[in-house]
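Only one structure is covered here, and it is reproduced in the block below.
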Amino acid sequence: MKKAVCLLFLIGSTVLVSFQGKAVSYLLFYFALLLPLLALLYSLYVYFRFKIVQNVSHLVVKGQKVPYQLILGNEDFLPFTDITLHFYTDMVSMQHDSADRELQHLCLLPHAQKQVETKMYCRHRGTYPVGVKSVTVTDFLGLFTITYPMMSQVRLTAKPRILPLERLSLALQKKDPKNTLFPTSRLQNLPDYEVRRYQSGDPKKYIHWKNSARTGELLVRRQMPEELFETILMLDLSPIQGDTEKRLQTEDNILEAALSYLQDCYLKKIPVRVVYMDSEIREILIDVCTGFEAFYEKCADISFESALPLEKVWRRYTSRLAGTRAYILITSSQTPALTETIEESRLLGNEVLCIYAGELNL
């Protein structure tokens, strides 16, 4: 409608100049020619003078809703008309509710401001830009609509969830009823250690089944050598194929399965060595001395860019070790090469649990 009025005004002033040629006619004609330029300059002015302040926590947990505050301000003497904000929505979900409509075709009077408070959450772990992605400004005549990208971004880092071990165990058992999260057969072949009667709340993995069968009552070990509980957790960080949503969800599953087990061991003071490959094979010890948080923080941005598949990383790592150990492998899918390597390791006396996290419903 505004465009049609401007066009009619230009046509009318042109006709008036053609037939009369007086000063007033030329004044109207030149004013009609200047209107588009004034409208364009106004749009540029609004963009550079329009104030946007965004407040949000920079470190969250995936799926956790966090407050997001947006303040829009006009500190000038001119009104700002028809401003529309566009938000990042690829990795972040926002709960606008009725505020969503308020941020479309926004008008701010001189020295006025608008404040919007809502919540947002990240659907996957990682670091992403959040909040306002771009601003669309339309001039007062509706002649020009220009979309500008935000000159500065607000970035948010989402860490993976730490799920209860029971939830991971339940998801594994639904997929494969034979799955167990803690190998126990090695513990039953150890020499007898001091035992006591089983008490409610004692971890079942400490039960000494041979002595229990011999005495007819449940017995648990009082102490276990620390090295027998030290488990090596192998993370498969090979690139994952598929669309973006599937790839990110699979990466989340692998890390959340690992963190679930690691935190449980850490709280029980059981040391675990985490082994993975990025540019090279890396090993991180998680125990009461080194702590759990450093590795947890690292999981927010750890890259799935291993140059070798899990079985080759595993072979390289174990080539420098002696003796038998308990291994937990966490990967996205089962391959014949990995299955063969697992069988070879078990024949050597190692305990091996392989968690295929790609299709787990966590």
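Treat the numbers as computed from the prediction; the structure is a model and nothing was measured.
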Closer than 3.5 angstrom, by distance alone: can the side chain of [X] be matched with the main-chain N or O of [Y] as a donor-acceptor pair?
X	Y	result
N253	A357	yes
T341	A337	yes
N350	V352	no
D139	F144	yes
R167	S260	no

Measure the shortest side-chain to side-chain distance between [X] and [Y] over non-hydrogen atoms and say whether it is less than 4.5 angstrom.
X	Y	answer
Y68	V92	no
P160	D252	no
Y327	T318	yes
V132	F87	yes
L262	L233	yes
T84	T138	no
Y276	V313	no
P271	L285	yes

For [X], give me all partners under salt bridge (charged side-chain N to carboxylate O under 4.0 Å, His left out), at least two apart in sequence or on another chain.
X	answer
R155	none
R123	none
R316	none
K159	E297

Rounded distance (nearest 0.5 Å) linking atom [atom1] of [X] with atom [atom2] of [Y]:
X	Y	atom1	atom2	value
L163	L168	CG	CG	7.5 Å
N74	T81	CG	OG1	10.5 Å
Q113	E75	CD	CD	9.0 Å
I254	E251	CD1	CD	7.5 Å
I355	L329	CD1	CG	9.0 Å
I52	M150	CD1	CE	4.5 Å

If two hydrophobic side chains count as joined below 4.5 Å and joins carry through other members, does [X] share a cluster with [Y]?
X	Y	answer
L78	I146	yes
V272	L267	yes
F50	L44	yes
Y121	L248	no
L106	F48	yes

Residues forming a side chain to side chain donor-acceptor pair (under 3.5 Å) with [X], sequence neighbours excluded:
X	answer
S333	none
Q241	none
R49	D76

What are the two closest non-hydrogen atoms of [X] and [Y], and how far apart are they?
X	Y	result
I330	A257	CD1-C, 4.0 Å
T250	S332	CG2-CB, 3.5 Å
S306	P239	O-CD, 3.4 Å
M120	V56	SD-CG2, 4.0 Å
A258	L235	CB-CD2, 3.7 Å
R125	D301	NH1-C, 3.7 Å

Practice task
Apply the test side-chain contact (heavy atoms from CB on, under 4.5 Å) to residues R325 and R273: give CA-CA distance (whole Å), side-chain angles for both, the deciding distance (0.1 Å), then the verdict.
Solution key: CA-CA 11 Å; R325 286 170 171 76; R273 293 190 182 275; over 6 Å; no
Problem - Contacts of Y148 that satisfy ring-ring contact (aromatic ring centres under 6.0 Å, His included) - sequence neighbours left out - result: Y47
Practice task
Go through the structure and list residues passing ring-ring contact (aromatic ring centres under 6.0 Å, His included) with Y42, not counting sequence neighbours.
Solution key: F140
Problem - Passing option when W314 is tested against I281, L308, I342, I232 for side-chain contact (heavy atoms from CB on, under 4.5 Å) - result: I342
Can you list the residues that meet the side chain to side chain contact (heavy atoms under 4.5 Å, CB included) rule with [X], with sequence neighbours excluded?
X	value
P67	none
K133	Y88
D243	E245, K246

Exercise for the section: Check step by step if side-chain contact (heavy atoms from CB on, under 4.5 Å) holds for T147 and T136. Expected result: CA-CA 4 Å; T147 299; T136 296; 2.8 Å; yes
Practice task
Would you check if there is a donor-acceptor pair between the side chains of E283 and Y317 at a distance under 3.5 Å?
Solution key: yes
Practice task
Begin from the C-alpha positions of K312 and M277 and carry the test side-chain contact (heavy atoms from CB on, under 4.5 Å) through to its verdict.
Solution key: CA-CA 10 Å; K312 291 187 177 180; M277 183 175 189; over 6 Å; no
Practice task
Take Y296 and L259, measure what side-chain contact (heavy atoms from CB on, under 4.5 Å) needs, and give me the verdict at the end.
Solution key: CA-CA 7 Å; Y296 182 37; L259 290 170; 3.7 Å; yes
